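Before any comments, here is the structure.
Here is how names work: the chains are called A, B, and so on, in the same order as the sequence lines, proteins then strands, and each is numbered from 1. Owing to the predicted nature of the structure, the values given are computational and were not obtained by experimental measurement.
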There are 2 protein chains.
Amino acid sequence: MPRTIDEAKLFEVVINEWMAHGYGGCTTRDIANIAGVNEATLFRRYGSKAGLFTRAIDHQLADTPLALVCISGDLSTDLLALAEAYMDTYRLYGDVVFRAVQELPRYPEVREAASHFLGNIQKMVQLVLYYQQKGLLRVEHPLLTLTAFIGPIATFLMFARSGLSPEMPPFDVGSHISGFLHGRAE
Amino acid sequence: MPRTIDEAKLFEVVINEWMAHGYGGCTTRDIANIAGVNEATLFRRYGSKAGLFTRAIDHQLADTPLALVCISGDLSTDLLALAEAYMDTYRLYGDVVFRAVQELPRYPEVREAASHFLGNIQKMVQLVLYYQQKGLLRVEHPLLTLTAFIGPIATFLMFARSGLSPEMPPFDVGSHISGFLHGRAE
DNA sequence: GCATAATGCAAGCAGTCACTTGCATTACGG
DNA sequence: CCGTAATGCAAGTGACTGCTTGCATTATGC
């Protein structure tokens, strides 16, 4: 019975259970058991399930690889970094972005933490705007450009994970970027 | 007390509640109340919640707009039809495809019906293969091409619905298709 | 018109959920 | 070494869940 619980492990378990079962589908009992913490302790420390999630999301996803994206000046370099950051985040936590976007309207209790985490999207929008102004990207609503770039990655990874299609190739980032920039017509 | 219940309305309610709260999050009580059917009737007719969902998904999503996609011979025409079919399905039911893909591994009980519905994806794969063989699309794993085309649409619509970004423009299908075919580089 | 079968209704059952409480136990700070 | 505060433990609460049951009611097929 340690004086302080292993919060790092706890938060990791929270995110994992969230990804595996969704907010409504995962239980504080399971989280407590897996993390090796007593369930009562969770409520004494964080007040509620929502409170626990707020802290976990904030602490665990604040410095996700997506947060490291910056503008180098070279479009291809930055697109590559952005794509790999998204894939790294996916490898670490699964489709956190989609889960958050999907469950945000339904659970206003975690809205604050999730929207803080999703503030990373603003950085990506800045990236798009920069290269639009530089004349290297088609000028349109930056979220159209951003979803055009992230959407295929997220969709493919989710599809691959669902197990619907038996054998799917690994996601080819280079091919995706060239398709994004120059199209898929032959 | 009608002799037979309004099954069309019932199935519609099932899909709506599914989209709104997820499989684990929606209750048979709510479904029964909203559909104006007694809850006991649901279990007498369909045996279980999973049985109800199986029938509802099968009946309601079998002839979704996505099922109507066919190969005309003209790439632009077919891409336009595919995109609008996806958007129509989204307008009707929300992100059924993503929900299904996401919840399939978690609820094996509804796997059968959902995978039947998702069989529509096979038709889209055929479409991609056809135009690859015709030399009009880059040759790669068809699911890479398909997610590259559907991913941005789905992602943008989900993003718009989440309410994260205050004002988002309507999705421009034509712009998306030209971006998909010829890229977004200027 | 009458038997039949599907439905409505109300109550309830067992399990699970988030959350609480009282008390013993532990580890750290002074 | 001792007080304090965080933790573990066990039990429990009320609400909700999927699902069942017994009985009255209704509409349809013959």
Side-chain angles (χ1 to χ4, degrees), chain A residues 1-59 99 103 106-114, chain B residues 1-59 99 103 106-114:
Chain A
M1 307 85 184
R3 177 147 173 87
T4 53
I5 62 178
D6 187 347
E7 236 185 2
K9 182 180 178 185
L10 171 63
F11 289 162
E12 198 184 320
V13 171
V14 170
I15 304 296
N16 285 342
E17 289 296 291
W18 183 28
M19 290 306 104
H21 308 291
Y23 181 76
C26 68
T27 75
T28 53
R29 261 184 195 76
D30 283 346
I31 291 174
N33 288 339
I34 298 174
V37 176
N38 197 274
E39 194 187 359
T41 302
L42 295 186
F43 290 95
R44 278 193 275 248
R45 280 180 77 103
Y46 308 104
S48 65
K49 183 181 180 181
L52 170 63
F53 271 70
T54 300
R55 288 282 296 271
I57 295 175
D58 205 32
H59 183 274
R99 267 268 192 254
E103 296 197 331
R106 188 145 55 104
Y107 300 103
E109 324 138 37
V110 266
R111 194 183 181 95
E112 189 189 352
Chain B
M1 305 86 183
R3 176 147 173 88
T4 54
I5 62 179
D6 187 347
E7 236 184 1
K9 182 179 178 185
L10 172 63
F11 289 162
E12 198 185 321
V13 171
V14 170
I15 305 296
N16 285 342
E17 288 296 290
W18 183 29
M19 290 306 104
H21 308 291
Y23 181 75
C26 68
T27 74
T28 52
R29 262 183 190 75
D30 283 346
I31 291 174
N33 287 340
I34 298 175
V37 176
N38 196 275
E39 194 188 359
T41 301
L42 295 187
F43 289 95
R44 278 192 277 247
R45 278 179 79 102
Y46 308 104
S48 65
K49 182 181 181 179
L52 169 63
F53 271 71
T54 300
R55 287 282 298 271
I57 295 175
D58 205 31
H59 183 276
R99 267 265 193 257
E103 296 196 331
R106 188 143 56 103
Y107 301 103
E109 325 136 37
V110 268
R111 192 184 182 94
E112 190 190 351

| request: To the nearest Å, give me how far apart CZ (B/Phe53) and P (D/dT17) are. | output: 13 Å

| note | Judged by nearest nucleotide, the residue sitting upstream toward the 5' end of DNA chain D, B/Ala50 or B/Arg44, is B/Ala50

| For B/Arg29, all residues meeting salt bridge (charged side-chain N to carboxylate O under 4.0 Å, His left out), sequence neighbours excluded | B/Glu39

| message | Could you tell me how far apart B/Leu52 (CG) and D/dT20 (P) are, to the nearest whole angstrom? | response | 13 Å

| field | With A/Asp30 via side chain to side chain contact (heavy atoms under 4.5 Å, CB included) - residues at least two apart | value | A/Glu17, A/Thr27

| task | Calculate the interatomic distance between A/Arg29 atom CZ and D/dG12 atom P; express it in whole Å. | result | 14 Å

| Non-neighbouring partners of A/Tyr46 that pass ring-ring contact (aromatic ring centres under 6.0 Å, His included), sequence neighbours left out | none

| Looking at residues at least two apart in the chain, or sitting in another chain, which of them share a side chain to side chain contact (heavy atoms under 4.5 Å, CB included) with A/Asn38? | A/Ala40, A/Thr41

| request: Return the residues of residues 32-41 of chain B meeting this criterion: a heavy atom under 4.0 Å from some atom of DNA chain D. Order them by number, or give none. | output: B/Glu39, B/Ala40

| task | Give the nucleotide from the list C/dC17, C/dG8, D/dT17 with an atom nearest to the side chain of B/Ile5. | result | C/dG8

| said: How close do B/Leu10 and B/Ile5 get, counting heavy atoms only, and between which atoms? | reply: CD2-CD1, 4.0 Å

| C/dC17 C1' sits how many Å from A/Asp30 CG, rounded? | 11 Å

| message | How many whole angstroms separate atom NZ of A/Lys49 from atom C1' of C/dT16? | response | 12 Å

| With B/Glu103, which residues qualify under side chain to side chain donor-acceptor pair (under 3.5 Å), at least two apart? | B/Trp18

| message | I need the minimum non-hydrogen distance between B/Val110 and B/Ala50, along with the two atoms involved. | response | CG1-O, 4.0 Å

| query | Rounding to a whole Å, what distance do you find between A/Phe43:CZ and D/dT7:C1'? | reply | 16 Å

| Can a donor-acceptor pair under 3.5 Å be found between the side-chain atoms of A/Arg45 and the base atoms of D/dG8? | no

| Residues in contact with DNA chain D, drawn from residues 11-28 of chain A - heavy-atom cutoff 4.0 Å | none

| query | For A/Leu42 and C/dC17, what is the distance between atoms CG and P respectively, to the nearest whole Å? | reply | 14 Å

| task | Mind jotting down which residue pairs meet the ring-ring contact (aromatic ring centres under 6.0 Å, His included) criterion with at least one end in residues 22-44 of chain B? Sequence neighbours excluded, please. | result | B/Tyr23-B/Phe53, B/Tyr23-B/Tyr107

| salt bridge (charged side-chain N to carboxylate O under 4.0 Å, His left out) against A/Glu7, all qualifying residues, sequence neighbours excluded | A/Arg45, A/Arg55

| task | Could you tell me the separation between the CD atom of B/Glu7 and the C1' atom of C/dT7, rounded to a whole number of Å? | result | 13 Å

